[in-house]
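Residue numbers start at 1 and run along the sequence shown.
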Amino acid sequence: MSFLRRLAVIPTVRAPWTATRRSRYSTTSRTWSPKHLTKAVLFGGALIASPLLFSTVYAEEPSDTDISLDPETITDAATGIAFPKSIRITNKAHAPTMTLVGLGVRTVSFIGIKVYSVGFYADLNNPDLKLSENMSIDEKIESVVRSCACVVRLVPTRDTSFTHLRDAFVRAVGARMLLRRKSGELSDEDSIELATPMRKLKTLFPNSPLKKHVPLDIFLTPPIQGRPRALIFRDLGGIESDWMSVEFILHYFDGKHPPSPPLKKTVTETLEPLTK
């Protein structure tokens with residue numbers, strides 16, 4: 001049975017949404033075996049429009065953002081970390097509903113140290129999303145990221161720091177820039193213009209710890225005509241850059257070396273049979 005079909009047999013949860021400034025895990029949990037997935041996530045961001053493709057601004061004040069979590073959760077069996085089956089994050093503007101597409105653990109070093117669990121959410125009901133039987137899984141993932149509002153939720157398995165995450169993010173974006181330049185998809189001129197959002201990425205994070213099991217939500221705003229897309233790090237701020245916003249999310253699904261192979265595996269199980 002396909003991943004989505006198995007999810008479809010789950011009864012609808014009718015519990016009310018709860019809004020809190022900081023997310024809290026529900027006591028209702030299920031182990032991920034790709035079995036469960038439904039419901040809704042809403043993330044919002046009122047952004048300052050700019051005519052420049054690679055312009056950089058702060059997103060809405062972090063204090064204006066609330067998060068609502070589906071009380072039903074799915075647990076990453078590798079770490080015991082629970083993820084809501086849907087998330088709804090709101091501020092002055094509203095993004096569409098998003099659902100959990102897949103999750104997995106990130107491990108490093110030859111002894112397999114577990115660094116964090118990561119969940120990927122997307123608005124799969126977006127009418128602009130086109131998925132066909134002839135598309136490869138990488139093409140389907142790219143279509144989702146380029147067409148829909150998305151969220152990446154990182155939950156560390158141990159105490160870490162925002163500077164440590166910042167360094168990893170900067171390396172990831174740098175690697176995507178190199179990849180796109182080699183393929184001819186990113187010109188020298190584009191690379192120069194990306195220097196401003198790259199500087200913003202380097203200065204966005206505080207020199208403070210990020211505690212074990214405290215989630216960091218990273219929201220990719222939906223495409224809006226006349227506005228660059230933005231990458232919003234909840235409670236920290238955001239960066240407006242069409243290129244960086246999309247490529248940052250896509251690096252989690254890098255064809256050869258994704259940060260979390262289990263994440264890509266479960267996302268593949270969701271998207272592979274899906275057509276629309």
Side-chain angles (χ1 to χ4, degrees), residues 17-43 62 65-89 98-109 112-122 149-169 171-172 204-206 208-220 231-238 248-249 251-254 258-267 270:
W17 295 101
T18 56
T20 56
R21 280 289 162 85
R22 298 197 178 271
S23 57
R24 298 182 182 276
Y25 292 122
S26 166
T27 56
T28 303
S29 63
R30 298 182 181 179
T31 300
W32 178 276
S33 53
K35 247 186 182 177
H36 318 100
L37 179 72
T38 43
K39 294 276 149 254
V41 184
L42 178 69
F43 222 131
T65 301
D66 287 324
I67 181 168
S68 302
L69 304 181
D70 189 330
E72 286 276 315
T73 61
I74 300 171
T75 299
D76 182 355
T79 62
I81 292 174
F83 287 80
K85 291 197 297 185
S86 57
I87 304 174
R88 180 176 181 174
I89 296 181
M98 291 172 282
T99 53
L100 183 61
V101 183
L103 59 80
V105 64
R106 160 73 168 164
T107 58
V108 296
S109 85
I113 297 174
K114 298 172 183 177
V115 180
Y116 58 75
S117 281
V118 53
F120 176 64
Y121 296 80
C150 303
V151 172
V152 169
R153 166 169 279 214
L154 300 178
V155 186
T157 61
R158 60 189 65 209
D159 289 352
T160 184
S161 67
F162 282 106
T163 53
H164 179 77
L165 288 176
R166 175 205 63 200
D167 293 345
F169 294 158
R171 286 194 301 271
L204 190 65
F205 301 91
S208 60
L210 179 62
K211 293 295 185 180
K212 173 181 177 180
H213 291 180
V214 174
L216 173 63
D217 294 316
I218 306 165
F219 171 51
L220 173 62
L231 196 65
I232 300 175
F233 296 82
R234 194 166 65 90
D235 295 333
L236 299 174
F248 181 91
I249 301 298
H251 101 269
Y252 285 98
F253 307 102
D254 180 76
S260 171
L263 170 67
K264 186 167 184 180
K265 180 177 183 292
T266 55
V267 169
T270 300

Please examine the side chains of [Y] and [X], heavy atoms only from C-beta on, and report whether any two atoms are closer than 4.5 Å.
{"X": "Tyr116", "Y": "Thr79", "answer": "no"}
{"X": "Leu236", "Y": "Pro206", "answer": "yes"}
{"X": "Pro84", "Y": "Tyr121", "answer": "yes"}
{"X": "Val152", "Y": "Phe248", "answer": "no"}

Between Ile81 and the options Leu103, Thr73, Val155, Val105, the side-chain contact (heavy atoms from CB on, under 4.5 Å) test singles out Val155
Side chain of [X], backbone of [Y]: donor and acceptor closer than 3.5 Å?
{"X": "Asp159", "Y": "Lys212", "value": "yes"}
{"X": "Lys114", "Y": "Thr157", "value": "no"}
{"X": "Arg106", "Y": "Val115", "value": "no"}

Can you tell me how far apart [atom1] ([X]) and [atom2] ([Y]) are? Round to the nearest 0.5 Å.
{"X": "Arg153", "Y": "Arg234", "atom1": "CZ", "atom2": "CZ", "value": "6.5 Å"}
{"X": "Leu263", "Y": "Phe253", "atom1": "CG", "atom2": "CZ", "value": "4.5 Å"}
{"X": "Ile249", "Y": "Ile218", "atom1": "CD1", "atom2": "CD1", "value": "6.5 Å"}
{"X": "Arg166", "Y": "Arg171", "atom1": "CZ", "atom2": "CZ", "value": "10.0 Å"}
{"X": "Phe169", "Y": "Phe162", "atom1": "CZ", "atom2": "CZ", "value": "9.5 Å"}
{"X": "Ile232", "Y": "Leu204", "atom1": "CD1", "atom2": "CG", "value": "11.0 Å"}

Test of ring centre spacing under 6.0 Å for Phe205 and Phe233:
yes
Distance-minimising heavy-atom pair for [X] and [Y]:
{"X": "Phe219", "Y": "Cys150", "answer": "CD1-O, 3.2 Å"}
{"X": "Ser117", "Y": "Asp76", "answer": "OG-OD2, 2.6 Å"}
{"X": "Leu154", "Y": "Val118", "answer": "CD2-CG2, 3.5 Å"}

Please assess Tyr252 against Ser260 for the test side-chain contact (heavy atoms from CB on, under 4.5 Å), listing each intermediate value before the final yes or no.
CA-CA 7 Å; Tyr252 285 98; Ser260 171; over 6 Å; no
